Amino acid sequence: MLSSEAIDAISKAFSVFFMGKNFIRLVMGLLVTIQIAAISVLLSLFFGTLFGMLMTVKNRYIKALCKIYLEFMRIMPQLVLLFMAYYGLTRTFGISLSGEAASVLVFTMWGTAEMGDLVRGALQSVPAHQYDSGMAIGLNDKQIFRYIILPQTLRRLVPLSMNLVTRMIKTTSLVVFVGVIEVVKIGQQIIEGNRLTVPTCSIAVYAVIFFMYFFVCWIFSLMASIIEKRQKEA
Amino acid sequence: MDFEFIKQVIPLYAEAAGLTLRIAMIGILLSFAVGLFCALIRYYKVPVLSPVTGLYIELSRNTPLLIQLFFLYFALPNLGIKLSSFQCCIIGLTFLGGSYMEETFRSALETVSKVQIESGQCIGLSGLQVMRYVVLPQAVSVSVPGFCANVMFLIKETSVFSIVAVADLMYVAKDLIGLYYKTDEALWLLAISYFILLLPVSAISGYAERRLRYAQFGSN
């Protein structure tokens, strides 16, 4: 177990949050993170749905193009994409994006690909006999999509896209690499600022950041699993 | 593009890719073990251990690897636990990967329907035999695409390791940008290196997924 010394060090470390505005600042940093995540998530949900529908189009060239885009986004680590958007774009095209803009751009492009694949999977997981039955009772293509395919797809999609949202929020932690002042950066500032007065405060700061991320993501995971369970029962 | 420069730095990238791959391999193997262990605990609902595993999985799935690494590398030394950056990476990757593997394995185990297990018991198989001859063969094939996706995810996640001073691909690229201002070359090489590492995994994963779909639905 922890020695009394260690416990002492920890309780002293946590005192850093009661000094000045440290805790408020950290929460503000978290809001920046959430803001970037929220914008990217909303954009990716929209574009991802379109992209997913595009992927089910039966044109060979469109299919190939979508596949290449998806594979590229899947294979590249998000950090590499972030570097390409932040440093590469500036260098090659002279487009200088702020860290926030670069992050939103990258997360949206990545999220669109991932969401698109989920939408495609959900659309295709509807068995072929559903289409056939729809046709047999005399519905046209639009009606089949509206009354048969869409409801089934949405049901499958909700928990999956919730999980994607948690993944995107977690990925947002990378924006510290491109100089966005968010929760990690502010945490580092607090640690540096109190280096002399509270030398052990890094443990408190990183623990709090850890749990901040945990609670934000956990809410979504919990909702996803509740919805999933309810669907299974139904 | 400065091809002379590219030729010079390729060995650096190769070395870094080797390191990335090595950490990823160790991490994946350990996560496989942790994931399998946790999945079995959760599948059989072992008392006491099962809720503890559940807590671990929630914690690990809902926090970014970057923050876990920060905690391991910068916070723990205050408690007298000093880990090298290599150890931090392995522990971090295993902590993260274990829960992802667990989810894959458990959901694969749960896809085997109750009827199958009960039929096995009916013809007089013991618990172990049911596992060995009925559940596992079906579960393994279901878990392959998920497993491949996890492998790819974990290799991708190694890109944040540069933050704890491990000289991986990202670190080399950042270094070259800082030293020579060869941003284009460094970034292209970085992207290509990750392609070389991950394209085979992605191809295998796609193949496995198609095979599984074929087995389940009888068509592509």
Side-chain angles (χ1 to χ4, degrees), chain A residues 2-3 5-6 9-10 13 67 71-72 74-84 87-88 90-92 121 124-125 127-128 163 166-167 169-174 176-177 183-184 187-188 191 199-207 209-222, chain B residues 57-81 96 103 149 152-153 155-160 162-163 169-170 173-174 177 181-188 190-191 193-195 197-199 201-203 205-206 209 213 216-217 219-220:
Chain A
L2 292 172
S3 65
E5 259 171 67
I10 293 174
K67 189 93 192 144
E71 281 295 298
F72 182 78
R74 274 264 172 90
I75 284 180
M76 278 298 116
Q78 286 84 46
L79 191 53
V80 176
L81 293 173
L82 213 51
F83 266 53
M84 284 177 144
Y87 297 111
T90 315
R91 180 79 180 187
T92 319
Q124 287 180 344
S125 71
N163 283 330
T166 37
R167 270 171 69 201
I169 295 173
K170 286 194 295 179
T171 314
T172 318
S173 65
L174 298 180
V176 69
F177 279 90
V183 64
V184 175
Q188 286 171 342
I191 293 168
T200 55
C201 72
S202 65
I203 186 148
V205 171
Y206 285 127
I209 295 175
F210 185 89
F211 281 104
M212 278 176 164
Y213 266 107
F214 172 71
F215 281 115
V216 173
C217 296
W218 188 57
I219 295 169
F220 286 99
S221 305
L222 211 59
Chain B
I57 285 157
E58 288 297 327
L59 269 182
S60 130
R61 275 186 76 90
N62 291 313
T63 48
L65 179 62
L66 185 67
I67 309 296
Q68 295 166 6
L69 280 180
F70 270 128
F71 190 78
L72 285 171
Y73 194 66
F74 294 113
L76 282 187
N78 288 323
L79 294 178
I81 305 166
L96 181 81
E103 295 277 286
M152 209 158 115
F153 166 75
I155 297 178
K156 272 166 66 177
E157 285 288 307
T158 60
S159 60
V160 302
S162 59
I163 202 86
L169 286 166
M170 210 63 213
K174 252 198 295 191
I177 294 174
Y181 287 134
K182 302 277 189 197
T183 312
D184 285 340
E185 290 85 348
L187 286 178
W188 276 116
L190 179 66
S193 311
Y194 273 112
F195 258 113
L197 284 184
L198 288 165
L199 213 51
V201 185
S202 170
S205 154
E209 213 167 307
R213 218 183 134 69
Q216 281 176 340
F217 294 109
S219 77
N220 286 316

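Naming: A, B, ... by sequence-line order, numbering from 1 per chain. If you're wondering where the values come from, they're calculated on a predicted model, not measured in any experiment.
Chosen from B:L190, B:L187, B:V160, B:L169, the residue pairing most often with chain A at heavy-atom distances under 4.5 Å is B:L187. Highest contact tally toward chain B, considering only A:E71, A:M84, A:R74, A:Q188, is held by A:R74 [criterion: heavy-atom pairs under 4.5 Å].
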message = For B:T63 and B:Q68: C-alpha separation, side-chain torsions, deciding distance, then whether side chain to side chain donor-acceptor pair (under 3.5 Å) applies.
response = CA-CA 7 Å; B:T63 48; B:Q68 295 166 6; 2.9 Å; yes
ask   = Taking it one step at a time, do B:Y73 and B:L69 satisfy side chain to side chain contact (heavy atoms under 4.5 Å, CB included)?
value = CA-CA 6 Å; B:Y73 194 66; B:L69 280 180; 5.7 Å; no
Chi angles and distances behind the side chain to side chain contact (heavy atoms under 4.5 Å, CB included) call for B:K156, B:Y194 = CA-CA 8 Å; B:K156 272 166 66 177; B:Y194 273 112; 5.8 Å; no
task = Apply side chain to side chain contact (heavy atoms under 4.5 Å, CB included) to the pair A:W218 and B:R61, showing each step before the final yes or no.
result = CA-CA 9 Å; A:W218 188 57; B:R61 275 186 76 90; over 6 Å; no
task = Starting from the C-alpha separation in whole Å, work towards a yes-or-no answer on side chain to side chain contact (heavy atoms under 4.5 Å, CB included) for A:Y206 and B:I67.
result = CA-CA 7 Å; A:Y206 285 127; B:I67 309 296; 5.5 Å; no
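Heavy-atom distances place the side chain of A:T166, and not its backbone, under 4.5 Å from chain B. Heavy atoms closer than 4.5 Å to chain A are found in the side chain of B:S162, but not in its backbone. Contacts between A:V184 and chain B at a heavy-atom distance below 4.5 Å involve the side chain alone, from C-beta outward. Both the backbone and the side chain of B:Y181 come within less than 4.5 Å of a heavy atom in chain A. Proximity to chain B (any heavy atom under 4.5 Å) is shown, for A:F72, by both the backbone and the side chain. Only the side chain of A:F211 comes within contact range of chain B, with at least one heavy atom under 4.5 Å from a heavy atom of that chain. Neither the backbone nor the side chain of B:L197 comes within less than 4.5 Å of any heavy atom in chain A. Contact annotation for A:A207: both backbone and side-chain heavy atoms come within less than 4.5 Å of a heavy atom of chain B. Of the two parts of A:V176, only the side chain, counted from C-beta on, holds a non-hydrogen atom closer than 4.5 Å to a non-hydrogen atom of chain B.
A 4.5 Å side-chain heavy-atom check between B:M170 and B:I163 finds every atom pair outside the cut-off.
A donor-acceptor pair is defined here as one N or O able to donate and one able to accept, closer than 3.5 Å; such a pair exists between the side chain of A:S221 and the backbone of A:C217. Put simply, the side chain of A:T92 gets close to the backbone of A:G88: a donor and an acceptor are under 3.5 Å apart.
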